[in-house]
Amino acid sequence: MTQAKIHVLATGGTIAGRAGSPVRRDYRPGQIGIEEFIARIESFGLDARLTGSQIANIGSEDIDMTVWRELHATALAAIENPECDGIVITHGTDTAEETALLLDQTLPTHKPVVLVGAMRPADAVGSDGMRNFANAVVVARDREAAGRGVLVVMGDLVHAARDVRKAVTTGTKAFRSFPRGPIAAVTPTSLEWFAEPWRPAQEARYPLPDELPPVAIVHACAAADVELVALLVRHGTRGIVLAGMGEGNAPRRLRDALADAVRAGVPVVRSSRVDEGLVDREPEDDNAGFVAARALGPAKARILLQLLLANGITDPAAIQAAFQRR
Ligand code: SIN
């Protein structure tokens, strides 16, 4: 078997972070360059030849459209390059789910595209970075990884971009997937898929726009301040995602304010501030013109709504249809 050729796109995060001591609490993300990663992984003797592009070296809380555009263009070039078999993206864990969904919707699925991060910096005792990275290479070189959309590899598990979210603030088992759960188990020496690919050789669902329109997340809480919604509409927000209670609920006054926003031409998507569980359509959605986020949490519902609006999809029924697809 010929060696798989994997292109690594580095963006920073804790996986590239250093503390300067194995036990220090504070550390700086984005300290290790792509050459160092590649040199380290090559010493493991994995059956893959790696090349790399340094896209950025930042904490993922600072990821923005400029980085996303560069990441998308470089990933697309690698997908189109017959010399490349798979792509690994190193990324901070805080916004990994947002980048993963954005790329999932805007890249073709012909080749494996795998996002990987770490919860502990490279020089911490018990660092998970190199193991996660080795696992990501194992996934990216596997042909079975294609046709599943963008994947996230963390803690010896493989998650689909559509389902994954960071659910724990610290510790190495920080990612969960809902509703499907993880779709494979991986170690540096094994890979076991739990299901068949579901999007074989599909084109991108949407082109990546130059800019994403402003979409706000409104967090529902008891006795919430509802004036915020009218302020957002006046400020020019193009869409609102409700991080609702339970199954996307909100106090009556907040629901009324959101219905006013829809009447003013601002689409509203109801998601949940709870980590797991579907937000399904309910009868009031038809009257108010709301969209139900289904399994997407607020941060990812916002990305999908931004992408739809940027591509001219503003009709609530069409937005709902996009939220129903997996
Ligand atoms: C970040 O998201 O860049 C910092 C946190 C992490 O990578 O775990």
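Atoms considered below: every heavy atom in the structure, side chains included; atoms not considered: hydrogens, waters and symmetry mates. As the structure lists them, so they are numbered: ligands from 1, and atoms in each ligand from 1.
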Margin query: Regarding atom 8 (O) of ligand 1: of the candidates T93, T170, D128, T95, which has the closest heavy atom?
Written below: T93
Item checked: Top protein contact for atom 4 (C) of ligand 1, by heavy-atom distance -> T14 OG1, 3.5 Å
Item checked: Pairing of R49 and D85 as salt bridge, 4.0 angstrom limit -> no
Note to self: Under a 4.0 angstrom heavy-atom cut-off, which atoms of ligand 1 come close to G59?
What the structure shows: 3 (O)
Note to self: Pairing donors with acceptors under 3.5 angstrom, does anything connect the side chains of H7 and T51?
What the structure shows: yes
Check: Could R131 and D156 be called an ion pair, given the rule that one side-chain N must be under 4.0 Å from one carboxylate O?
Finding: yes
Notebook entry, point to check: Between E144 and K111, does at least one N-O distance fall below 4.0 Å, as a salt bridge requires?
Noted result: no
Notebook entry, point to check: Is the shortest N/O to N/O distance between H91 and ligand 1 below 3.5 Å?
Noted result: no
Check: Is it true that the NZ or CZ of R148 lies under 6.0 Å from the centre of W193's six-membered ring and within 45 degrees of the ring axis?
Finding: yes
Next item on the list: Name the closest protein heavy atom to atom 3 (O) of ligand 1, giving the residue it belongs to and the distance to 0.1 Å.
Entry: S60 N, 2.6 Å
Note to self: Please determine whether any non-hydrogen atom of A118 lies less than 4.0 Å from an atom of ligand 1.
What the structure shows: yes
